[in-house]
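Report on the following structure.
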Amino acid sequence: MKYLITGITGFAGPNLAKLLLKEGHEVHGVIRCPNGRQADLLDILTLEEYDSIVFHSLDLRQFHSINKILRNENYDGVFHLAAQSHPPTSFKDPILTWEENVNATVNIITSLENSATKLMFCSTSEVYGDSCKNVGLLQISNPLTPSNPYGTSKAAMDLYMQERMNNGFLKGFVTRAFSHTGPRRGFNFSISSDAYQIAKMVLGLQEKKLMIGNLDTERVVIDVRDCVRAYYLLMINEDSNGKVFNVCGDEVRKMRFFTEKLIEKSGLSDIVQEINPDFYRPIDIQVQIGDSSELKNLTGWQPKISIDTCMEDLLGYWIQKLTPTAKS
């Protein structure tokens with residue numbers, strides 16, 4: 001099978017590419033410009049895996065560019081992961097967020113209408129906003145009540161995908177992934193921010209002062225490799241067409257748990273934690289936990305990677321990434 005990944009140079013993209021290649025598929029990836037940034041995939045991929053990927057340089061916001069590729073290449077499926085996915089950034093620059101998440105997605109959907117190519121639209125648990133504390137376990141049937149511009153942009157395309165699928169114009173499905181982390185997660189995101197700072201402490205690049213945000217919010221966190229496996233299982237299952245799926249684990253924990261777990265994995269002691277106001281969202285979400293029964297019943301998916309392994313691999317990723325800096 002032949003698949004295209006948008007956002008292949010992001011967080012989930014390389015992990016998904018690795019899985020698809022392992023399963024024997026042909027992988028293409030979209031990059032915005034041929035400046036060599038795609039070599040960052042070597043953080044996750046072997047050189048052999050990297051060399052097997054076909055890259056297409058284009059701007060998803062330009063309809064003619066993505067339309068030409070999708071019409072000419074005849075993909076079996078498209079995993080649309082590309083997005084401006086950082087909620088604090090969406091408050092600072094909602095126009096950019098809307099262009100990246102709405103305009104680009106409309107272009108892809110329009111290009112794939114009435115084709116045989118199956119589209120996975122990567123929505124987000126942020127579309128539910130802060131409603132979990134009032135309604136409990138979040139179902140796919142719950143109203144979309146986003147609490148930030150990022151969630152709003154995703155909710156708009158989540159609904160548009162559903163309309164296109166329901167009216168028979170598009171083959172595909174929507175995923176609403178809840179919190180996930182692991183190797184290649186950017187340090188501007190929670191958990192990975194802690195791992196990045198602790199890795200610098202391990203390497204002697206930072207004093208033992210850990211700048212933290214709100215550690216009392218609650219999340220169900222899974223490993224990114226489990227998350228992309230859910231995407232893949234849904235893509236190859238014909239019965240996923242036209243449907244929406246939560247991708248979520250089962251155990252809710254305060255964010256403090258993950259910080260303490262990373263400190264434990266580092267072997268360091270006497271780390272002082274200090275609140276950084278910049279790490280707080282203007283409007284935060286207290287708790288998020290979703291019902292993934294539709295996903296589990298259809299595919300048999302369950303998270304396989306433990307939080308211990310996830311935290312260890314995330315910290316190890318940052319230590320390896322920063323080691324050349326420590327030596328220079």
Side-chain angles (χ1 to χ4, degrees), residues 10-12 14-15 40 42-44 85-89 91-92 125-126 130 132-133 148 178-227 248-289 303-328:
F11 168 44
N15 288 285
D40 289 346
L42 291 169
D43 290 344
I44 301 297
S85 59
H86 190 230
T89 297
F91 279 109
K92 296 177 181 177
S125 60
E126 294 279 340
D130 199 21
C132 186
K133 65 185 180 184
N148 54 61
F178 285 65
S179 297
H180 51 288
T181 192
R184 255 192 82 73
R185 187 58 156 166
F187 61 73
N188 56 332
F189 289 88
S190 59
I191 302 179
S192 192
S193 170
D194 294 346
Y196 172 71
Q197 295 179 72
I198 294 169
K200 290 203 294 183
M201 295 176 200
V202 169
L203 296 171
L205 300 173
Q206 177 177 323
E207 63 177 328
K208 292 183 181 179
K209 180 186 289 185
L210 181 64
M211 307 306 294
I212 59 172
N214 185 356
L215 299 186
D216 289 322
T217 57
E218 298 175 281
R219 298 290 186 272
V220 174
V221 178
I222 61 173
D223 190 284
V224 63
R225 292 161 289 191
D226 278 326
C227 189
C248 184
D250 299 313
E251 188 169 358
V252 62
R253 299 179 174 99
K254 287 192 174 183
M255 295 301 288
R256 188 178 316 280
F257 170 87
F258 305 102
T259 301
E260 297 299 336
K261 183 65 68 173
L262 285 166
I263 293 173
E264 174 191 319
K265 294 295 180 182
S266 74
L268 298 176
S269 59
D270 304 323
I271 293 178
V272 176
Q273 299 180 29
E274 182 176 314
I275 292 175
N276 183 343
D278 291 338
F279 288 1
Y280 273 78
R281 298 186 190 182
I283 302 172
D284 212 343
I285 295 172
Q286 181 57 41
V287 60
Q288 280 186 338
I289 179 169
K304 293 182 177 180
I305 300 173
S306 70
I307 286 298
D308 272 75
T309 299
C310 179
M311 295 297 102
E312 187 172 338
D313 290 352
L314 175 59
L315 181 60
Y317 162 76
W318 278 119
I319 290 173
Q320 182 180 20
K321 187 82 170 171
L322 296 173
T323 294
T325 303
K327 291 180 178 179
S328 62

Might you work through the side chain to side chain contact (heavy atoms under 4.5 Å, CB included) test for F258 and V221, ending with a clear yes or no? CA-CA 9 Å; F258 305 102; V221 178; 3.4 Å; yes
Test side chain to side chain contact (heavy atoms under 4.5 Å, CB included) applied to V220 and S179, step by step: CA-CA 6 Å; V220 174; S179 297; over 6 Å; no
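Distance check, rounded to the nearest 0.5 Å: CG of N276 to CD1 of I212 gives 9.5 Å. Separating the OG1 atom in T217 from the CD1 atom in I285 is a distance of 9.5 Å, to the nearest 0.5 Å. To the nearest 0.5 angstrom, H180 atom NE2 is 7.0 Å from I222 atom CD1. Atom-to-atom distance recorded for I198:CD1 and L203:CG is 12.0 Å, nearest 0.5 angstrom. With rounding to the nearest 0.5 angstrom, the CZ atom of F257 is 15.5 Å from the CZ atom of R219. Separation of atoms CD (Q288) and OG (S125) is listed at 3.5 Å; rounding is to 0.5 Å.
Within a 6.0 Å sphere centred on CD of Q320, other residues, nucleotides and ligands contribute 12 heavy atoms or fewer.
The two atoms that bring A199 and W318 nearest to each other are CB-CB, 3.6 Å, heavy atoms only. Scanning both residues, N15 and P183, for their nearest heavy atoms gives ND2-O, 3.5 Å. Residues N148 and P87 share a closest heavy-atom pair of ND2-CB, 3.9 Å. The nearest pair of heavy atoms linking G182 to V224 is CA-CG1, 4.2 Å. Here the closest non-hydrogen pair linking K208 and M201 is CA-SD, 3.8 Å. In terms of heavy-atom proximity, R225 sits nearest to C310 at NH2-CA, 4.5 Å.
Using modelled atom types, one finds no donor on one side chain facing an acceptor on the other under 3.5 Å when comparing Q286 with D130. Donor-acceptor pairing under 3.5 Å is lacking for the side chains of S193 and S190.
Two residues are said to be in side-chain contact when any heavy atoms from C-beta on lie closer than 4.5 Å; M255 and E218 fail this criterion.
Proximity of a side-chain donor or acceptor of S192 to a complementary backbone N or O of A195 within less than 3.5 Å is not detected. Using a distance-only test at 3.5 Å, with no hydrogens or angles considered, no donor-acceptor pair links the side chain of Q197 to the main chain of K200. With hydrogens and angles ignored, the 3.5 Å screen pairs a side-chain donor or acceptor of R184 with a backbone N or O of G10. A donor-acceptor pair under 3.5 Å is absent between the side-chain atoms of H86 and the main chain of F189, judged by distance alone.
Screening residues 249-259 for salt bridge (charged side-chain N to carboxylate O under 4.0 Å, His left out) gives D216-R256, D250-K296, E251-R253 as the qualifying pairs, with residues at least two apart or on separate chains.
Here the rule is side-chain contact (heavy atoms from CB on, under 4.5 Å) with T181, and of I307, D313, I191, D223 only I191 fits it.
For R185, there are no salt bridge (charged side-chain N to carboxylate O under 4.0 Å, His left out) partners two or more places apart in sequence or in a different chain. S85 is linked by a side-chain hydrogen bond (donor to acceptor under 3.5 Å, both in side chains) to nothing, counting only residues two or more places apart in sequence or in another chain. Residues that satisfy the salt bridge (charged side-chain N to carboxylate O under 4.0 Å, His left out) test with E312, not counting sequence neighbours, are K265. Annotation: salt bridge (charged side-chain N to carboxylate O under 4.0 Å, His left out) contacts of K321 (sequence neighbours excluded): D43.
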Which atom pairs, donor and acceptor, lie under 3.5 Å between side-chain atoms of residues 266-275 and protein residues at least two apart or in another chain?
| from | atom 1 | to | atom 2 | distance (Å) |
| --- | --- | --- | --- | --- |
| S266 | OG | I263 | O | 2.6 |
| S266 | OG | L268 | N | 3.1 |
| Q273 | NE2 | E260 | OE2 | 3.1 |

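Taking the six-membered ring where tryptophan is involved, the planes of F187 and Y196 are essentially parallel, since the angle between them stays under 30° and well short of 60°.
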